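All values reported here derive from a predicted model rather than from experimental measurement. Note that these values count all heavy atoms, side chains included, but never hydrogens, waters or copies made by symmetry.
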Amino acid sequence: MGSEHRDYNGHHIELVSRESGLELFIDGQQVAYGRLPEGDYFLHDYAYDWTDDLMDLAQRWIDYRAKADELRRGSSDR
């Protein structure tokens, strides 16, 4: 069993291959995901975006969270 990892915008993404399938970790936390009938992945906490590349999807989720945090900080400054 192998793993693939990547650092992206200050976050560590890791895909770990186990007998039961792939597990996705972002910053050491396991992230739940699923697959659509046509094969695209989605994240349970971020079902707005789908892709056939789980690593790419993790990066999109990191970008989404950063943007949401930025907007939240901006609205609390008012």
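The environment of Glu38 atom CD is dense: over 12 non-hydrogen atoms of other residues, nucleotides or ligands sit within 6.0 angstrom.
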Distance-only donor-acceptor pairs under 3.5 Å for side chains of residues 9-16, two or more places apart:
residue	atom	partner	partner atom	Å
Asn9	ND2	Asp63	OD1	3.3
His11	ND1	Asp27	OD2	2.5
His12	ND1	Asp7	OD1	2.7

>> Could you walk me through whether Tyr41 and Leu22 satisfy the side chain to side chain contact (heavy atoms under 4.5 Å, CB included) test, starting with their C-alpha distance in whole Å, then the side-chain angles of each, then the deciding distance to 0.1 Å, before giving a yes or no?
In response: CA-CA 12 Å; Tyr41 294 101; Leu22 283 176; 4.2 Å; yes
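Here the side chains of Arg60 and Tyr46 are in contact, with some heavy-atom distance below 4.5 Å. A heavy-atom distance below 4.5 Å is not found between the side chains of Thr51 and Asp40. In this structure, Val31 and Trp61 have side chains that are in contact, with non-hydrogen atoms separated by less than 4.5 Å.
Hydrophobic cluster membership is shared by Ile62 and Tyr48, with clusters built from Ile, Leu, Val, Met, Phe, Trp and Tyr side chains linked at under 4.5 angstrom. Note on Met55 and Phe25: separate hydrophobic clusters, where clusters join Ile, Leu, Val, Met, Phe, Trp and Tyr whose side-chain heavy atoms are under 4.5 Å apart, directly or indirectly. One hydrophobic cluster holds both Ile26 and Tyr33 under the rule that ILVMFWY side chains link at heavy-atom gaps under 4.5 Å.
By the 30° and 60° cut-offs, the orientation of the rings of Phe42 relative to His44 is parallel.
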